[in-house]
Amino acid sequence: MDVKALLRAQHIETPSWAFGNSGTRFKVFAQRGVPRDPYEKLADAAQVHRFTGVAPTVALHIPWDRVDDYADLARHARDVGVGIGAINSNVFQDDDYMLGSVTHPDAGVRRKAIGHLLECVDIMDATGSGTLKLWFSDGINYPGQDDIRARQDRLADALSEVYARLGPSQRFLLEYKLFEPAFYVTDVPDWGTAYAHCLRLGPQAQVVVDTGHHAPGTNIEFIVAFLLREGKLGGFDFNSRFYADDDLMVGAADPFQLFRIMYEVIRGGGYGPDVAFMLDQCHNIEPKIPGQIRSVMNVQEATAKALLVDRAALGDAQSSGDVLGANAVLMDAYNTDVRPLLGELREEMSLAPDPMKAYAASGYAEKIVAERVGGAQAGWGA
Ligand code: LRH
Ligand code: MN
């Protein structure tokens, strides 16, 4: 296995919203130099690709990245050296969606929500994006508030209408999340619910695994192995957490978990263009572009370690019931310092061996602070 060639071909997608201001319900801390519009967000995302070489696309979020001319935005992306990735819908910030969006008891509200999802497919057409990412904050807070079964029927109706609108080379990824903002029932709470809806719809509907959306103690790599086996793993929203949906840098809280996930991706044949490796993070207190660069490097390191697993030795130990031997094979790979290998690879890609140092030396951070004076800084608008 040519590990370097596989690492060189890695494709990690950055999220436009990571470059804007973000925070928690307690405080959104503004940072100097933050983009004021999607054009500036793309320019910042291009810096991540410039120094890592493996982050060539950027996911958009609508309406946070709404523009008058999406074809022009896609042209700008190309001009700065990136492409438009997944289009993220947003039916979680409108007052009409207090009791749900596509699952709302009122048909008029459901129609409005479906209208937004269909608009996102139009934006995919205009930008050349092949992926629609659907996350629904829909749920209820108190037993009896609404009919759990009826909400699933409404969800299924909406998903099938969106599915029918997809072009032949397009797909949607359905994202699940255990809780928040709903605190009793979330209508798409777990991988099983997302998988069942996608299975019913067809091959252009797959599941996205957001690594921050599980109950504590959940074995995420099992979910990855299972969905890959079913051909239903469409992608990841990578981040990490110590407690809930913390949206911290991927690999920061649990690098061993990220390694185990990447091992199952590789073992399951998912390391390639069919699985989207997207970051979904918020840099509430740390500088955003370096935060994204560090995150990409964390994924690279976990991937390199997973690619170094001696699969033959592992297979032998597993088939002979050598428990400790098998575990040792995996741990040897995990305990391998892959930073020299990645440094070499970057030099072979005509990049600086340490992207963090190279970005800091580029003067880009100072440039955007000096240039981006006035205007409204981008954020979640929550
Ligand atoms: C929901 C979520 C979803 C996005 C949002 C930014 O928690 O993970 O993927 O739309 O974060
Ligand atoms: Mn997510």
Side-chain angles (χ1 to χ4, degrees), residues 12-25 28 38 41 45 57-66 84-94 97 100-103 113 116-117 119-120 123-124 129 131-139 162 171-183 186-191 193-194 198 206-215 218 220 223-224 227 233-241 243-251 253 258 261 275-284 288 291-292 295 299 378-382:
I12 299 163
E13 183 159 302
T14 56
S16 67
W17 55 98
F19 300 99
N21 285 325
S22 59
T24 70
R25 57 185 164 174
V28 171
K41 292 179 193 175
T57 57
V58 186
L60 300 183
H61 217 296
I62 309 299
W64 300 339
D65 297 315
R66 177 163 284 146
I84 302 294
I87 302 298
N88 285 260
S89 60
N90 180 335
V91 285
F92 53 86
Q93 286 187 314
D94 187 302
Y97 301 145
S101 65
V102 296
T103 62
H116 170 74
L117 305 181
E119 179 207 351
C120 287
I123 295 169
M124 290 165 69
S129 167
T131 302
L132 172 66
K133 184 150 79 67
L134 300 173
W135 173 66
F136 299 102
S137 61
D138 293 44
V162 176
R171 63 179 177 164
F172 73 55
L173 307 184
L174 181 57
E175 186 172 357
Y176 58 88
K177 181 175 179 178
L178 183 64
F179 79 103
E180 190 211 30
F183 295 108
T186 292
D187 295 300
V188 187
D190 54 28
W191 71 271
T193 306
C198 291
Q206 294 178 302
V207 180
V208 60
V209 175
D210 185 313
T211 45
H213 286 187
H214 304 83
T218 299
I220 298 176
I223 298 170
V224 170
L227 290 173
L233 179 69
F236 291 93
D237 265 5
F238 275 146
N239 49 63
S240 72
R241 51 81 166 282
Y243 303 104
D245 191 15
D246 308 351
D247 282 339
L248 299 172
M249 291 190 295
V250 59
L258 182 60
I261 288 171
V275 174
F277 298 94
M278 303 171 286
L279 302 180
D280 179 6
Q281 299 172 181
C282 300
H283 302 290
N284 299 345
K288 300 166 190 300
Q292 286 287 295
S295 303
V299 177
W380 280 38

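These numbers come from the heavy atoms of this one structure, side chains and all, not from hydrogens, waters or symmetry mates. Every number for a ligand or one of its atoms is a count from 1 in the order of the listing. Sequential numbering from 1 along the given sequence is applied to the chain's residues.
- In this structure, the protein non-hydrogen atom closest to atom 9 (O) of ligand 1 is E175 OE1, 2.7 Å.
- Rounded to the nearest 0.5 Å, atoms CG (L60) and OG (S89) are 12.5 Å apart.
- Residue-ligand proximity: E180 is placed with every non-hydrogen atom at 4.0 Å or more from ligand 1.
- Taking the charged nitrogens against the carboxylate oxygens, R66 and E119 do have a contact shorter than 4.0 Å, which makes a salt bridge.
- Residue K133 has at least one heavy-atom neighbour below 4.0 Å for each of these atoms of ligand 1: 9 (O).
- Per-residue contacts place H61 under 4.0 angstrom from the following atoms of ligand 1 (heavy atoms of the residue considered): 4 (C), 6 (C), 10 (O).
- D210 has its closest N, O or S atom to the Mn ion (ligand 2) at the position named OD2.
- Atom CG of L258 is separated from atom CZ of F238 by 5.5 Å, given to the nearest 0.5 angstrom.
- Looking at E175 and the Mn ion (ligand 2) together, the shortest N, O or S contact belongs to OE2.
- Its N, O or S atom nearest to the Mn ion (ligand 2) is what matters here, and for D237 that atom is OD2.
- Within ligand 1, the atoms closer than 4.0 Å to a non-hydrogen atom of K177 are 7 (O), numbered from 1 in the order shown.
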Would you please test Y97 and F92 for side chain to side chain contact (heavy atoms under 4.5 Å, CB included) and show each step?
-> CA-CA 6 Å; Y97 301 145; F92 53 86; over 6 Å; no
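- With hydrogens and angles left out, the side-chain atoms of N239 and D210 include a donor and acceptor closer than 3.5 Å.
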Are F136 and T103 close enough, and set up right, to give a side chain to side chain contact (heavy atoms under 4.5 Å, CB included), and what steps lead you there?
-> CA-CA 9 Å; F136 299 102; T103 62; over 6 Å; no
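- Defined by atom type and a distance below 3.5 Å, a donor-acceptor pair is missing between the side-chain atoms of W17 and D65.
- Close placement of the Y176 and H214 rings is indicated, their centers lying within 6.0 Å of each other.
- Which parts of ligand 1 touch W17 is read off a 4.0 Å heavy-atom cut-off, strictly below it: atoms 6 (C).
- Checking D280 against the Mn ion (ligand 2), an N/O/S atom falls under the 2.8 Å cut-off.
- Distances between N or O atoms of H213 and those of ligand 1 include at least one value under 3.5 Å.
- Taking NZ of K177 as the start and CG of D138 as the end, the distance is 12.5 Å to the nearest 0.5 Å.
- Using a 4.0 Å cut-off between heavy atoms, N90 makes no contact with ligand 1 at all.
- Under 4.0 angstrom from ligand 1, the non-hydrogen atoms of D237 all belong to its side chain.
- From the protein, the heavy atom lying nearest to atom 11 (O) of ligand 1 is D280 OD2, 3.3 Å.
- Within the model, atoms CG of L173 and CG of L233 stand 9.0 Å from one another, a figure rounded to the nearest 0.5 Å.
- Of all atoms in ligand 1, listed by their number and element, those nearer than 4.0 Å to a heavy atom of D245 are 7 (O).
- Residue-ligand proximity, D210 to ligand 1, at heavy-atom distances under 4.0 Å covers atoms 8 (O).
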